[in-house]
Amino acid sequence: MSTLTNTLAHIPLLVEHAPYTLAGYAEFRAVIEQDGALPARMKALFAAVAAIDRRYPELARRELERGVALGLTARGATAGIIVLASLRGEGAAIEFAALVDACLPGTPTTATGDALPTASAGEAIDNFTSYFGTIPPALDQLLRLSPRGADGYYLMRRGSIDANPLSPKHGELLLLTILAASYSPMASRHVDGARRAGATDAEIAEATLCAVPAAGIAAWMAVGGLLEPVHHETAS
């Protein structure tokens, strides 16, 4: 059983009356806290971001501190700020940025970046079509009603995956962890995206389980059914 983050084991009533609950949680913790299909430091980041998403800042801090102890860098942690800005907005991104500053002293405190990129005409449409196969109805309406908003969506989507400090595969898996934590039907998009980026189903499973500390075992139910083996017909 984890001695660092399994705080359920410090609740006397659970220790006294709920050995099965503690045993089950310890198994989930073993998956999250040990190297497996994904590195443990990456899973710590995923779990921390999911905790911020679910509004558990102390849990997020413990997870991020664990990741830093395992070698997570400020650049890697920036991926959490990026993805939260895209999926959950400014408040969640600012909260996680403050946590990164606290856990990784010496991170930049002033903005010194270059001029921001812009979207050229038709770039958003090309990106949506390439990624989704076809333009989803919600984005089709955004293109019609607010072309500038559609450019914003494209730029943030590109930042979350293509220009993320993590690899595209790990960027997709981080998005998936957050969506699993909120039991979102959008998780299916990022299961597909993670597979296209080269993720195995074992990696997808571990990323999903990183949502369990913040969102419980229901997080798995948002994704697990999407991981049924794909059966290919063989020629007779």
Side-chain angles (χ1 to χ4, degrees), residues 1-11 14 21-22 24-88 91-107 160 164-167 169-184 187 190 194 203-220 222-223:
M1 180 179 294
S2 166
T3 58
L4 178 61
T5 53
N6 189 1
T7 52
L8 291 185
H10 301 150
I11 300 175
L14 288 182
T21 298
L22 293 178
Y25 192 70
E27 295 298 330
F28 283 120
R29 271 290 171 196
V31 173
I32 296 167
E33 296 184 10
Q34 298 173 14
D35 288 333
L38 293 172
R41 70 177 185 283
M42 192 73 66
K43 289 185 280 190
L45 172 64
F46 291 2
V49 173
I52 287 292
D53 175 60
R54 298 293 293 182
R55 315 306 301 153
Y56 299 126
E58 288 305 312
L59 176 59
R61 176 185 288 273
R62 290 195 298 270
E63 300 290 358
L64 190 59
E65 288 175 343
R66 180 168 62 83
V68 171
L70 292 169
L72 181 67
T73 65
R75 186 172 185 275
T78 301
I81 306 172
I82 293 169
V83 173
L84 284 168
S86 179
L87 282 187
R88 296 297 180 253
I94 290 169
E95 186 171 12
F96 193 71
L99 195 59
V100 172
D101 289 344
C103 294
L104 286 155
T107 55
S160 295
N164 193 306
L166 306 180
S167 67
K169 177 179 77 172
H170 289 130
E172 288 277 9
L173 292 173
L174 176 53
L175 286 163
L176 177 60
T177 301
I178 299 174
L179 294 168
S182 60
Y183 324 122
S184 172
H190 294 285
E203 290 173 318
I204 293 170
E206 288 194 2
T208 302
L209 292 178
C210 290
V212 168
I217 57 177
W220 174 257
V223 176

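Side chains included, hydrogens not; waters and symmetry mates left out as well; all remaining heavy atoms used.
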For T208 and V223, which heavy atoms make the closest approach, and how far apart are they?
OG1-CG1, 3.4 Å
Applying side-chain contact (heavy atoms from CB on, under 4.5 Å) between I52 and each of R88, E95, R61, report the one that passes.
E95
Say you draw a straight line from CG of N164 to CZ of R75; how long is it, rounded to the nearest 0.5 Å?
9.0 Å
From L22 atom CG to H10 atom NE2, the distance as rounded to the nearest 0.5 Å
10.5 Å
Indicate yes or no: at least one non-hydrogen side-chain atom of C210 is less than 4.5 angstrom from one of E63.
no
Is there a donor-acceptor pair under 3.5 Å between the side chain of R41 and the backbone N or O of V68?
no
When you compare the side chain of F28 with that of P213, does any pair of heavy atoms fall below 4.5 Å?
no
Rounding to 0.5 Å, atoms CD (E65) and CG (L104) come to a distance of 10.0 Å
Tell me the closest heavy-atom pair linking A211 and A219, and the distance in Å.
CB-CB, 3.8 Å
Between the CD1 atom in I32 and the CD atom in E27, the distance rounded to the nearest 0.5 Å is 11.5 Å
Would you indicate whether the side-chain heavy atoms of L174 and S160 approach each other to under 4.5 Å?
no
With a 6.0 Å cut-off (strictly less than), is the heavy-atom count around OH of Y56, excluding the residue itself, greater than 12?
no
What are the two closest non-hydrogen atoms of Y183 and A222, and how far apart are they?
CA-CB, 3.9 Å
If you define the side chain from C-beta out and look only at heavy atoms, does anything of L45 sit under 4.5 Å from L166?
yes
Could you tell me if the side chain of L38 sits less than 4.5 Å from the side chain of H170, heavy atoms only?
yes
Between CG on residue L173 and OG on residue S167, distance to nearest 0.5 Å:
7.5 Å
E172 versus V83: any side-chain heavy-atom pair under 4.5 Å?
no
D53 CG to F96 CZ distance, which is reported to the nearest 0.5 Å:
11.5 Å
Minimal non-hydrogen separation, A92 against L84, with atom names
O-CD1, 3.9 Å
Is it true that K43 and E33 make a salt bridge, defined as a side-chain N closer than 4.0 Å to a carboxylate O?
no
So which atom in A77 and which in L72 form the shortest heavy-atom distance, rounded to 0.1 Å?
N-CD1, 4.1 Å
What heavy-atom pair brings A187 and L176 nearest, and what distance separates the two atoms?
O-CD1, 3.6 Å
Crowding at CD1, I11 (>12 non-hydrogen neighbours, <6.0 Å):
yes
So, T78 side chain and A74 main chain: donor-acceptor pair closer than 3.5 Å or not?
yes
Could you walk me through whether E203 and K169 satisfy the side chain to side chain contact (heavy atoms under 4.5 Å, CB included) test, starting with their C-alpha distance in whole Å, then the side-chain angles of each, then the deciding distance to 0.1 Å, before giving a yes or no?
CA-CA 10 Å; E203 290 173 318; K169 177 179 77 172; 2.9 Å; yes
